[in-house]
Amino acid sequence: MASCICASHSSLFHDRHYVSTSISSSFSLRNFKFPNAASSHKSLSLHSKASQALHQDAASHDPDANSLSLSKTRIWVNPNSPRAKHLQPKSPSARYSYLARLTESLNSCTPSAQHVSTILKGLRDNVSERDAVFILDKMTNPETAPFVLGHFRDKIKPSTDKEVILYNATLKAFRKSRDFEGAEKLFDEMLQRGVKPDNITFSTLINSARMCALPDKAVEWFKKMPSFGCEPDAMTCSAMVSAYAQTNNVDMALSLYGRAKAEKWSLDASTFSTLIKMYGVLGNYVECLRIFGEMKVLGVKPTVVTYNTLLGSLFRSKKSWQAKNVYKEMISNGVSPDFITYATLLRIYAGAQYREDALSVYKEMKGNGMDMTVDLYNRLLDMCADVGCIEEAVEIFEDMKSSGTCQPDSLTFSSLITVYSCNGKVSEAEGMLNEMIQSGFQPTIYVLTSLVQCYGRAKQTDDVVKIFKQLLDLGIVPDVYFCCCLLNVMTQTPKEEFGKLTDCIEKANTRLGSVVRYLVEGQEGDGDFRKEASELLNSIDFKVKKPLCNCLIDLCVSLNAPNRARDVLDLGLMLEIYKNIQSRSETQWSLHLKKLSVGAAITALHVWINDLSKALESWEDLPPLLGVNTGQGKHKYSDKGLASVFESHLRELNAPFHQAPDKAGWFLVTKEAAKSWLESRGSAETIDDLNSQVSGASTVALQYQ
DNA sequence: GTAGGGTTAG
């Protein structure tokens with residue numbers, strides 16, 4: 001109750017006090033006009049804001065109040081009278097609040113000596129240095145701050161060794177508003193007035209430069225220090241470690257980091273974070289971990305930023321599997337994850353297709369009331385398309401639309417169309433395409449590629465052709481991926497309809513058109529085929545060479561042309577599109593089929609079996625173990641992964657390979673079992689048997705890697 | 001609460 005009474009009293013006092021001073025000095029009463037005609041909107045709003053501020057401030061602090069103040073009568077108090085001075089807040093906390101409110105007025109006032117001195121009139125002439133520093137330290141307006149500095153300099157008349165303190169405090173206003181040029185100008189003024197800068201001056205300038213994204217300026221100022229008789233200390237050193245880290249100047253960052261360690265200067269978590277980020281940007285996660293380890297050894301506690309930086313480095317270096325451990329450590333150290341933590345984890349998990357982990361991060365974010373961004377939704381949906389979780393994708397899409405914080409964009413629709421296309425949901429894919437167009441987005445090549453897959457799978461060849469026409473009508477140039485899809489559709493299409501598809505392929509890529517004609521028309525003449533195929537492969541970008549090879553081999557297989565399939569595989573090996581498919585060590589010979597399409601993998605298997613038979617025939621000794629690595633991945637547009645296709649294929653071949661229980665994606669056989677199987681096959685069996693054995697490969701999917 | 005101090009994702 002008592003505090004309420006106090007509040008009214010002092011607020012009345014301050015309100016009146018302030019308004020009267022401002023009107024009497026900064027405006028002549030005669031010229032004063034009301035807001036609509038005010039000469040300066042800025043200063044006017046300042047006054048009302050400031051008076052309100054002072055009002056509120058005093059409302060909670062004046063200890064000298066009494067019940068008389070309940071009266072709403074407004075009393076004029078001349079601020080220049082001894083009484084006004086007497087009535088200034090006395091208790092330290094009231095004093096701080098009072099000064100803070102004055103600063104607020106200064107920050108929003110017109111930058112002129114007159115306005116500034118009007119606001120500061122209440123402090124009268126005997127301003128203490130402490131008060132001046134307090135106010136300057138809180139200044140955020142770099143235009144006004146120099147006038148405030150000038151005012152205090154006139155009132156206090158400090159010696160130059162005290163004046164540097166006022167300058168240093170003023171410099172902060174430039175840092176806060178990211179005005180580095182202004183800071184440099186103030187530095188010049190300082191020198192002109194004969195004030196000697198100190199380490200605080202430099203560390204303020206260095207950090208200003210960094211905050212203004214001018215790390216080179218930070219270096220420049222750091223180098224100036226000795227010429228002013230300043231030697232780097234813990235604070236400047238720490239700022240410079242970060243500045244050098246920011247410019248990826250590893251050597252300098254490390255050398256200053258070393259110096260800090262040698263001098264036993266303590267660096268804090270944020271400096272370590274910048275070092276970790278430096279290595280993260282360079283993709284060197286090992287060094288990130290080393291710095292992280294040293295930080296802990298030196299007794300510096302990692303913060304949420306440190307962990308976020310570490311996770312960001314993991315994301316960049318694609319070491320997704322380590323993310324869970326970093327997160328676990330973070331939690332066990334009592335550091336709470338924030339939005340960036342979750343966003344980074346989600347990007348890592350979604351990118352690595354860790355379905356459950358990505359979805360659980362999403363649920364946790366929702367549970368914590370965090371807003372997802374379009375990018376995060378899209379990454380999740382993209383993952384859903386890759387791993388084929390259709391229900392989750394639809395649920396996430398609905399959540400996105402109702403979130404109110406973001407709207408689906410072109411990528412969102414693209415992912416959903418892919419989700420439906422991969423799962424053979426033709427009408428849903430078409431519906432989503434319509435929704436996309438209605439939302440104002442044109443179909444992209446990604447969308448049209450998905451739809452080609454979708455119609456191909458549904459054996460709607462005419463619709464595939466329709467999509468191809470649409471692509472051309474939109475002025476989109478078909479790319480190699482799109483052509484791969486057309487080839488893939490061919491493997492699922494009856495021969496009678498080939499013409500419709502080869503027409504499209506020829507229009508899309510002439511070279512590919514003639515290669516396909518060779519295959520379809522079963523033309524002989526190896527030399528020409530290999531020449532055409534290698535010209536084709538040489539004409540395209542490296543990253544699409546493997547998908548195209550995969551698709552061509554799949555087409556050969558589906559056309560019952562195993563020798564052509566081998567030709568293309570050979571060509572792929574020769575051009576180093578496929579590498580290290582076979583490997584031999586003393587203990588194991590292996591066949592590595594990851595990232596090969598089913599047709600390519602089966603072709604490579606038969607080549608391998610042939611090579612093993614030859615080895616046996618020439619009395620070469622087999623190693624104790626033979627293995628085939630298919631990987632565990634699932635084909636985007638097929639229900640099965642390579643592993644399950646292989647399992648049944650190996651069974652058809654009667655091959656004694658068995659899935660390794662402790663090594664997922666591996667099929668193993670012992671030397672003895674392999675030998676007796678190969679011998680039982682006899683030398684008569686050759687690669688030509690491939691034809692009858694690859695019927696399962698006709699549902700081969702395109703591999704995007 | 002009275003001159004130094006920021007860092008993290010895409």
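A, B, ... follow the sequence lines: proteins, then strands. Residue 1 opens every chain.
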How many whole angstroms separate atom [atom1] of [X] from atom [atom2] of [N]?
{"X": "A/Y279", "N": "B/dT7", "atom1": "OH", "atom2": "C1'", "result": "17 Å"}
{"X": "A/M240", "N": "B/dG6", "atom1": "CE", "atom2": "C1'", "result": "14 Å"}
{"X": "A/L376", "N": "B/dG10", "atom1": "CG", "atom2": "P", "result": "11 Å"}
{"X": "A/M295", "N": "B/dT7", "atom1": "CE", "atom2": "P", "result": "15 Å"}
{"X": "A/M211", "N": "B/dT7", "atom1": "CE", "atom2": "P", "result": "6 Å"}
{"X": "A/F339", "N": "B/dA9", "atom1": "CZ", "atom2": "C1'", "result": "8 Å"}
{"X": "A/D409", "N": "B/dG10", "atom1": "CG", "atom2": "C1'", "result": "13 Å"}
{"X": "A/K176", "N": "B/dG5", "atom1": "NZ", "atom2": "C1'", "result": "13 Å"}

Worksheet entry | Strand-adjacent residues in residues 306-331 of chain A, judged by heavy atoms under 4.0 Å from DNA chain B | A/N308, A/T309, A/F315, A/R316
Worksheet item: What parts of residues 184-192 of chain A reach DNA chain B, counting only heavy atoms under 4.0 Å away?
Response: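 Under 4.0 Å from DNA chain B: no residue of residues 184-192 of chain A.
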Worksheet item: Less than 4.0 Å between a side-chain N and a carboxylate O, is that true for A/E104 and A/K138?
Response: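 No, this pair does not count.
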Can you figure out which of [options] approaches the side chain of [X] most closely?
{"X": "A/M235", "options": "B/dT7, B/dT8, B/dG4", "result": "B/dG4"}
{"X": "A/F134", "options": "B/dG1, B/dG6, B/dG4", "result": "B/dG1"}
{"X": "A/I340", "options": "B/dA9, B/dA3, B/dG6", "result": "B/dA9"}
{"X": "A/S203", "options": "B/dG6, B/dA9, B/dG4", "result": "B/dG4"}
{"X": "A/R379", "options": "B/dG10, B/dG4, B/dA9", "result": "B/dG10"}
{"X": "A/D338", "options": "B/dG4, B/dT8, B/dG5", "result": "B/dT8"}
{"X": "A/V305", "options": "B/dA3, B/dG10, B/dT8", "result": "B/dT8"}
{"X": "A/S238", "options": "B/dG5, B/dT7, B/dG10", "result": "B/dG5"}

Aromatic rings [X] and [Y]: how do their planes relate, parallel, tilted or perpendicular, breaks at 30° and 60°?
{"X": "A/W221", "Y": "A/F202", "value": "tilted"}
{"X": "A/F413", "Y": "A/F441", "value": "tilted"}
{"X": "A/Y377", "Y": "A/Y362", "value": "perpendicular"}

Please classify the nucleic acid contact of [X] as base, sugar-phosphate, or nothing, using heavy-atom distances under 4.0 Å.
{"X": "A/D375", "answer": "nothing"}
{"X": "A/K138", "answer": "nothing"}
{"X": "A/S128", "answer": "nothing"}

Worksheet item: Do the side-chain N or O atoms of A/R175 get closer than 4.0 angstrom to the phosphate oxygens (OP1, OP2) of B/dG6?
Response: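 Yes, because at least one side-chain N or O of A/R175 sits under 4.0 Å from OP1 or OP2 of B/dG6.
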Worksheet entry | N or O in side chain of A/K172 less than 4.0 angstrom from B/dA3 OP1/OP2 |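 Answer is no, no contact under 4.0 Å.
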Practice prompt. Would you confirm whether the ring centroid of A/F228 sits within less than 6.0 angstrom of the ring centroid of A/F187?
Written response: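 Here the rings of A/F228 and A/F187 have centres that are less than 6.0 Å from each other.
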Discussion item. Can a donor-acceptor pair be found, under 3.5 Å and without considering hydrogens, that links the side chain of A/K401 to the backbone of A/E398?
Written reply: no
Discussion item. So does A/T271 get a backbone contact from the side chain of A/D268, meaning a donor-acceptor N/O pair under 3.5 Å?
Written reply: yes
Response to the item:
Between the OH atom in A/Y98 and the OG atom in A/S93, the distance rounded to the nearest 0.5 Å is 15.0 Å
Worksheet entry | Separation between OG of A/S336 and CG of A/N333, rounded to the nearest 0.5 Å | 11.5 Å
Worksheet item: Does any pair with a residue in residues 181-201 of chain A pass salt bridge (Lys or Arg N to Asp or Glu O under 4.0 Å), and if so which ones, sequence neighbours excluded?
Response: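 Passing the test, one end in residues 181-201 of chain A: A/R153-A/E189, A/E163-A/R193, A/E184-A/K217.
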Indicate, yes or no, whether a donor-acceptor pair under 3.5 Å links the base of [N] to the side chain of [X].
{"X": "A/T271", "N": "B/dG6", "value": "yes"}
{"X": "A/S93", "N": "B/dG1", "value": "no"}
{"X": "A/D233", "N": "B/dG4", "value": "yes"}

Worksheet item: Any side-chain heavy-atom pair from A/L191 and A/P197 closer than 4.5 angstrom?
Response: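 Yes, close enough: below the 4.5 Å cut-off.
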